[in-house]
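Written below as structure tokens is the structure these notes are about.
Just the heavy atoms: all of them, side chains too, but no hydrogens, waters or symmetry mates, feed the values below. Since this is a predicted model, take the numbers as computed values, not measurements.
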Amino acid sequence: MTNIGLIRHGITAWNKEGRAQGSSDIPLHEEGLTEAGRLAERLGGESWDVIYSSNLLRAKQTAEAIQEKIGSIPLHLDPRIREVGGGMIEGTTEAERLEKWGKDWREMDLGFEPKENIINRGLEFLQEITDKHPGENVLIVSHGSFIRHLLRELVPHTDLSSPLKNTSITKLLIKESQWDCELYNCTKHLEVKQIVESC
């Protein structure tokens with residue numbers, strides 16, 4: 001039985017501007033670094049054995065914040081869990097895409113990474129991880145679109161309608177080759193507790 005914690009990286013400037021990132025190597029925004037720190041505080045109180053991260057900077061910075069808080073946990077970078085390649089739309093906003101290619105831009109051949117390739121690299125990676133870490137708790141820091149592609153494949157009956165938030169954690173459990181989603185898109189570590197002063 002292997003426990004997997006799937007984490008989306010902290011927010012970037014392009015996230016804030018609504019720009020498609022894909023495989024572009026964008027660092028965390030200052031706000032994203034703060035988010036990563038809050039996530040690290042949360043995970044520091046849990047038991048994790050190893051971290052795997054996309055080799056893109058925004059994921060790596062998020063993973064490093066977690067590693068720093070947890071301590072001697074090993075961190076491995078793996079390009080197989082990079083974000084889905086966005087081809088020609090990388091760096092553009094929705095308004096720019098509509099202006100350049102029209103409302104049917106999603107149906108056009110703009111160099112998007114094929115779905116088959118995304119699923120194949122994701123499943124290959126997860127198979128390797130579950131073989132290598134049986135009975136362990138594994139954190140995987142990756143990207144929104146990539147994680148959602150994987151979840152649709154692994155837990156198709158789970159409600160995935162809400163978009164993955166930055167630094168959200170989704171927990172999967174594999175037992176006897178069956179995947180189960182125990183937690184989806186949780187960002188309780190970002191909730192600000194307001195202190196009400198008495199009059």
Side-chain angles (χ1 to χ4, degrees), residues 1-12 14-15 20-28 32-33 35-37 39-40 42-44 46-87 90 111-155 160 164-174 177 179 181-185:
M1 190 166 68
T2 303
N3 291 291
I4 302 286
L6 285 169
I7 292 168
R8 185 185 177 200
H9 61 80
I11 201 165
T12 69
W14 278 19
N15 283 144
Q21 291 181 118
S23 56
S24 298
D25 205 5
I26 309 302
L28 291 181
L33 292 168
E35 290 176 338
L39 173 64
R42 171 185 178 174
L43 296 176
E46 300 177 4
S47 176
W48 296 98
D49 299 300
V50 63
I51 307 174
Y52 286 84
S53 172
S54 155
N55 61 339
L56 292 176
L57 186 56
R58 56 194 185 271
K60 180 173 175 280
Q61 287 177 303
T62 305
E64 286 171 344
I66 297 166
Q67 183 192 37
E68 184 177 338
K69 183 64 182 176
I70 292 179
S72 59
I73 183 172
L75 168 60
H76 306 284
L77 302 181
D78 197 308
R80 290 175 294 179
I81 52 176
R82 289 165 65 102
E83 180 59 295
V84 175
E90 291 189 10
F112 304 128
E113 181 178 3
K115 181 181 176 182
E116 181 181 350
N117 187 61
I118 302 161
I119 298 302
N120 285 345
R121 63 182 170 93
L123 294 183
E124 177 190 83
F125 168 80
L126 277 180
Q127 184 63 58
E128 186 178 303
I129 294 309
T130 53
D131 288 346
K132 193 173 181 179
H133 301 282
E136 294 187 351
N137 301 316
V138 181
L139 284 174
I140 297 170
V141 184
S142 187
H143 308 265
S145 183
F146 177 78
I147 292 172
R148 285 173 68 83
H149 272 86
L150 268 190
L151 292 175
R152 288 190 197 105
E153 193 73 17
L154 298 173
V155 287
L160 307 175
L164 285 172
K165 300 169 188 170
N166 291 100
T167 69
S168 65
I169 181 163
T170 296
K171 293 185 178 180
L172 299 179
L173 173 68
I174 184 168
S177 301
W179 289 97
C181 185
E182 296 189 317
L183 183 70
Y184 176 68
N185 199 24

[atom1]/[X] to [atom2]/[Y] distance, rounded to the nearest 0.5 angstrom?
X    : Y    : atom1 : atom2 : result
L77  : E64  : CG    : CD    : 7.5 Å
I66  : W48  : CD1   : CH2   : 9.5 Å
Y52  : K132 : OH    : NZ    : 4.0 Å
L173 : E182 : CG    : CD    : 5.0 Å
T130 : N3   : OG1   : CG    : 12.0 Å
L6   : I4   : CG    : CD1   : 7.0 Å

Less than 4.5 Å apart, side chain to side chain, heavy atoms only: is that true for [X] and [Y]?
X    : Y    : result
L150 : I118 : no
L123 : Q127 : no
I140 : L126 : yes
L75  : S53  : yes
Y184 : L151 : yes
V50  : I129 : no

Nearest heavy-atom neighbours spanning [X] and [Y]:
X    : Y    : result
I147 : I7   : CD1-O, 3.6 Å
A36  : A65  : CB-CB, 3.9 Å
R58  : S24  : NH1-O, 2.6 Å
L164 : S168 : CD2-OG, 3.9 Å
I70  : L139 : CD1-CD1, 4.3 Å
K171 : E46  : NZ-OE1, 3.4 Å

Problem set entry | Chi angles and distances behind the side-chain contact (heavy atoms from CB on, under 4.5 Å) call for E35, L39 | CA-CA 6 Å; E35 290 176 338; L39 173 64; over 6 Å; no
Exercise. After noting the C-alpha distance and the side-chain angles of R42 and I169, does the key distance pass the side-chain contact (heavy atoms from CB on, under 4.5 Å) rule?
Worked result: CA-CA 11 Å; R42 171 185 178 174; I169 181 163; 3.6 Å; yes
Checking [X] side chain against [Y] main chain: does a donor-acceptor pair fall under 3.5 Å?
X    : Y    : result
N185 : K165 : yes
Q61  : P27  : no
N166 : H9   : yes
R121 : R82  : yes
S54  : L56  : yes
N15  : T12  : yes
Q67  : A63  : no

Problem set entry | side chain to side chain contact (heavy atoms under 4.5 Å, CB included) partners of K115, counting only residues at least two apart |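 Here the qualifying residues are I119, H149.
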Exercise. So with a 6.0 Å cut-off around CD of E68, is the heavy-atom count from everything else above 12?
Worked result: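 For E68, atom CD is not crowded (no more than 12 foreign heavy atoms under 6.0 Å).
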For this session: Sort out for me which residue in R8, E83, E113 forms a side chain to side chain contact (heavy atoms under 4.5 Å, CB included) with S145.
Result: E83
Problem set entry | Pair N120, E124: side-chain N/O donor-acceptor within cut-off below 3.5 Å | no
For this session: Quick one: do T170 and C181 satisfy side-chain contact (heavy atoms from CB on, under 4.5 Å)? Show the steps, please.
Result: CA-CA 8 Å; T170 296; C181 185; 3.9 Å; yes
For this session: Given side-chain contact (heavy atoms from CB on, under 4.5 Å), test V84 with F112 step by step and report yes or no.
Result: CA-CA 8 Å; V84 175; F112 304 128; over 6 Å; no
